[in-house]
Amino acid sequence: MKTFNLGWLLFVAVLLISALPFSQASRSKQHKVKTGVFRSPQIVLGPGSVANKLFSNIDFPRGHIALKSFDAEIIDENGNPIPLYDTYLHHWLVLKFYVREGLENQDISKLNTSDYISGRNSGICQDGALDQFFGLGSETRKTKTHIPDPYGIEIGNPTKIPSGFVETWGLNVHAIDTRGVEDRTGCTECRCDLYNVTKEENGTPLSPNYDGGLSCCYDGTKCRLKDGFIGIERTLYLQYTVKWIDMNSLIVPVNIYIFDVSDIWKKSHNSTGINSEHNCQVEYQVESCRATGSANDKCIDAESVSLEMPFGGYLVYGVAHQHAGGTGSALYGKDGRSLCSSIPIYGTGEEAGNENGYIVGMSTCYPKPGTKKISKGETLILESNYSSIKQHTGVMGLFYILVAETLA
């Protein structure tokens with residue numbers, strides 16, 4: 001039997017380790033994850049009241065980095081999580097802006113349009129719809145947002161920031177206090193009759209066919225309370241946890257696309273060729289199958305839309321956004337192959353994160369790298385299903401995906 005000198009074995013081991021590819025030998029050092037826990041400015045709510053706030057220049061990681069996750073929840077002044085049946089989190093959105101140097105600490109909504117530029121995602125919606133980098137609703141506590149290695153959302157790249165501007169971040173929080181309300185479900189679905197609203201926030205009269213949605217639960221409105229109910233105002237916050245890593249050559253950037261099943265789009269021709277015009281409605285209404293005379297054993301409202309992918313790449317992550325009554329959503333390729341299916345998780349208890357009857361999470365997709373390729377110009381099919389046993393107003397059928405142009 002051969003014998004080996006211990007010193008020689010150690011020497012060989014050192015050589016082998018030093019010969020490892022840089023991406024393996026230095027991955028832990030290069031990919032050190034940093035974590036920041038932040039709070040939004042205060043949100044004051046009384047029973048039945050609505051807050052829909054856009055906070056400018058929020059606390060957010062700075063520098064040339066790659067975002068790895070963004071998780072959030074509503075808490076009180078003592079840091080206690082607030083259950084959905086007390087304060088319904090309709091949605092929160094994280095938005096990127098480029099603001100003219102020297103104005104970054106001002107309220108974006110009060111700036112001239114020449115003083116800021118939307119740093120929107122890569123999606124196809126237009127006119128400021130669905131521009132966010134991250135965003136969830138009631139499902140926020142049990143929906144995974146982690147972006148797997150070696151991928152990340154690149155931000156703070158100095159070569160991509162317009163000259164004379166700085167990169168800044170905004171936060172939109174839409175919350176409804178449902179303590180003491182007459183109809184919790186109706187309030188969370190923003191039914192116009194419960195809010196006694198007949199005009200949009202800008203004063204435009206509502207359509208007679210519009211029974212409920214965002215136009216009836218804007219900032220400062222109030223949902224009808226039970227007779228005699230008296231409650232106190234509370235100060236709440238959106239607490240958000242961000243994870244990121246310093247940008248380096250090992251990270252593969254991903255692009256963000258958000259699709260809307262209620263997107264009304266068409267192709268147009270101009271001097272530059274064929275373009276697509278997208279009018280994302282963001283929300284829609286599900287009629288009762290009994291009211292429409294279409295009752296069947298399942299009573300499912302199935303909506304779908306075909307959309308063209310503006311760029312190609314590989315699917316890294318996917319998740320849908322639905323409201324109560326949702327039964328699932330799916331995204332398919334042109335050949336009918338499944339790209340991602342996302343199913344709601346309904347709560348069964350009373351504790352925050354498991355509230356009975358509310359969507360407290362959405363299942364997510366993490367395809368094996370390289371297995372879900374989407375071609376540039378490919379027609380995708382988005383489906384969104386809701387129970388139609390009863391009417392649902394202001395529902396959404398959104399799908400959020402992350403796509404890498406290249407593999408690791």
Side-chain angles (χ1 to χ4, degrees), residues 21-41 55-73 92-101 103-105 108 116-123 131-136 140 143-172 238-258 311 313-319 364 366 369 400-408:
F22 180 76
S23 61
Q24 296 180 32
S26 302
R27 184 174 299 278
S28 61
K29 180 179 178 181
Q30 293 292 328
H31 282 198
K32 183 178 180 181
V33 178
K34 302 175 184 179
T35 302
V37 181
F38 310 98
R39 286 188 181 184
S40 71
F55 300 114
S56 302
N57 196 31
I58 61 169
D59 292 330
F60 204 78
R62 307 292 178 178
H64 191 192
I65 61 176
L67 300 176
K68 296 294 292 182
S69 67
F70 192 109
D71 300 304
E73 66 173 341
W92 57 263
L93 309 174
V94 178
L95 306 151
K96 183 171 75 172
F97 296 95
Y98 300 116
V99 178
R100 196 173 298 281
E101 289 179 345
L103 300 176
E104 58 266 30
N105 294 321
I108 293 174
Y116 70 92
I117 303 168
S118 172
R120 68 185 312 275
N121 58 50
S122 302
D131 284 352
Q132 67 265 25
F133 269 51
F134 292 99
L136 292 170
T140 187
T143 300
K144 296 177 182 178
T145 65
H146 174 69
I147 303 169
D149 291 334
Y151 306 100
I153 298 174
E154 181 184 15
I155 67 170
N157 185 339
T159 66
K160 296 182 179 180
I161 299 174
S163 177
F165 288 75
V166 295
E167 184 179 278
T168 185
W169 294 84
L171 176 66
N172 172 221
L238 186 81
Q239 179 168 283
Y240 51 103
T241 302
V242 188
K243 294 186 177 182
W244 72 95
I245 51 181
D246 292 331
M247 195 66 191
N248 62 73
S249 61
L250 302 180
I251 299 167
V252 179
V254 293
N255 295 319
I256 302 166
Y257 298 93
I258 303 177
F311 301 100
Y314 300 88
L315 183 65
V316 171
Y317 169 88
V319 67
T364 50
Y366 289 96
Y400 175 104
I401 63 172
L402 299 178
V403 176
E405 294 183 10
T406 61
L407 291 174

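Considering only heavy atoms from C-beta on, Ile108 stays 4.5 Å or farther from Leu95 through its side chain. By the 4.5 Å heavy-atom criterion applied to side chains, Ile161 and Val166 are not counted as neighbours. Contact of the Tyr314 side chain with the Leu407 side chain is registered, since non-hydrogen atoms from C-beta on lie closer than 4.5 Å. Using a 4.5 Å heavy-atom threshold, the side chains of Val254 and Ile153 count as touching. Contact annotation: the side chain of Pro148 approaches that of Val316 to within less than 4.5 Å [non-hydrogen atoms, C-beta and beyond].
The ring of Phe70 has its center closer than 6.0 angstrom to the ring center of Trp92.
If you take OH on Tyr366 and CG on Leu315, they are separated by 11.5 Å, rounding to the nearest 0.5 Å. From Gln132, atom CD reaches atom NZ of Lys96 across 13.5 Å, with rounding to the nearest 0.5 Å. Here the OG1-CG distance, from Thr140 to Leu238, works out to 7.0 Å after rounding to the nearest 0.5 Å. With values rounded to the nearest 0.5 angstrom, Leu402 atom CG is found 10.0 Å from Ser122 atom OG.
Looking at Lys68, its side chain does come within 3.5 Å of a backbone N or O of Tyr151 through a donor-acceptor pair. In this structure, Asp71 contributes its side chain and Ser69 its backbone to no donor-acceptor pair below 3.5 Å. Using modelled atom types, no side-chain atom of Tyr116 and backbone atom of Leu103 make a donor-acceptor pair closer than 3.5 Å. In this structure a side-chain-to-backbone donor-acceptor pair under 3.5 Å is present from Tyr400 to Phe133. Although no hydrogens or angles enter the test, the distance criterion places a donor-acceptor pair under 3.5 Å between the side chain of Glu167 and the main chain of Gly156. For the pair Asn121 (side chain) and Asp131 (backbone), a donor-acceptor distance under 3.5 Å is present.
Among residues two or more places apart in sequence or in another chain, the side chain to side chain contact (heavy atoms under 4.5 Å, CB included) test is passed with Glu154 by His64, Asn157, Lys160, Met247, Pro253. For Phe311, there are no ring pair (Phe, Tyr, Trp, His ring centres under 6.0 Å) partners, not counting sequence neighbours. Residues meeting the ring pair (Phe, Tyr, Trp, His ring centres under 6.0 Å) test with Trp244, sequence neighbours left out: none. Shown here are the ring pair (Phe, Tyr, Trp, His ring centres under 6.0 Å) partners of Phe60, two or more places apart in sequence or in another chain: Trp169. Residues that satisfy the side chain to side chain contact (heavy atoms under 4.5 Å, CB included) test with Gln239, not counting sequence neighbours, are Val37, Arg39, Ile75. With sequence neighbours excluded, no residue forms a side chain to side chain donor-acceptor pair (under 3.5 Å) with Lys243.
In this structure, Ala404 and Val252 approach most closely via the heavy-atom pair CB-CG1, 4.1 Å. Shortest non-hydrogen contact noted between Thr168 and Val99 is CG2-CG2, 3.2 Å. Summarising the geometry of Ser118 relative to Phe97, their closest heavy-atom pair is CA-CD2, 4.3 Å, with the distance given to 0.1 Å. Heavy atoms only, all atoms of each residue included: Tyr98 and Gly119 are closest at CE1-CA, 3.9 Å. Across every non-hydrogen atom of Leu171 and Val94, the tightest pair is CD1-CG2, 4.1 Å. Minimum heavy-atom separation, Phe55 to Pro41: CD2-CG, 3.5 Å.
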Test side chain to side chain contact (heavy atoms under 4.5 Å, CB included) on Tyr317 and Ile147 and set out the steps. CA-CA 7 Å; Tyr317 169 88; Ile147 303 169; 5.8 Å; no
Going through the checks in order, is the salt bridge (Lys or Arg N to Asp or Glu O under 4.0 Å) test met by Asp246 and Lys32? CA-CA 8 Å; Asp246 292 331; Lys32 183 178 180 181; over 6 Å; no
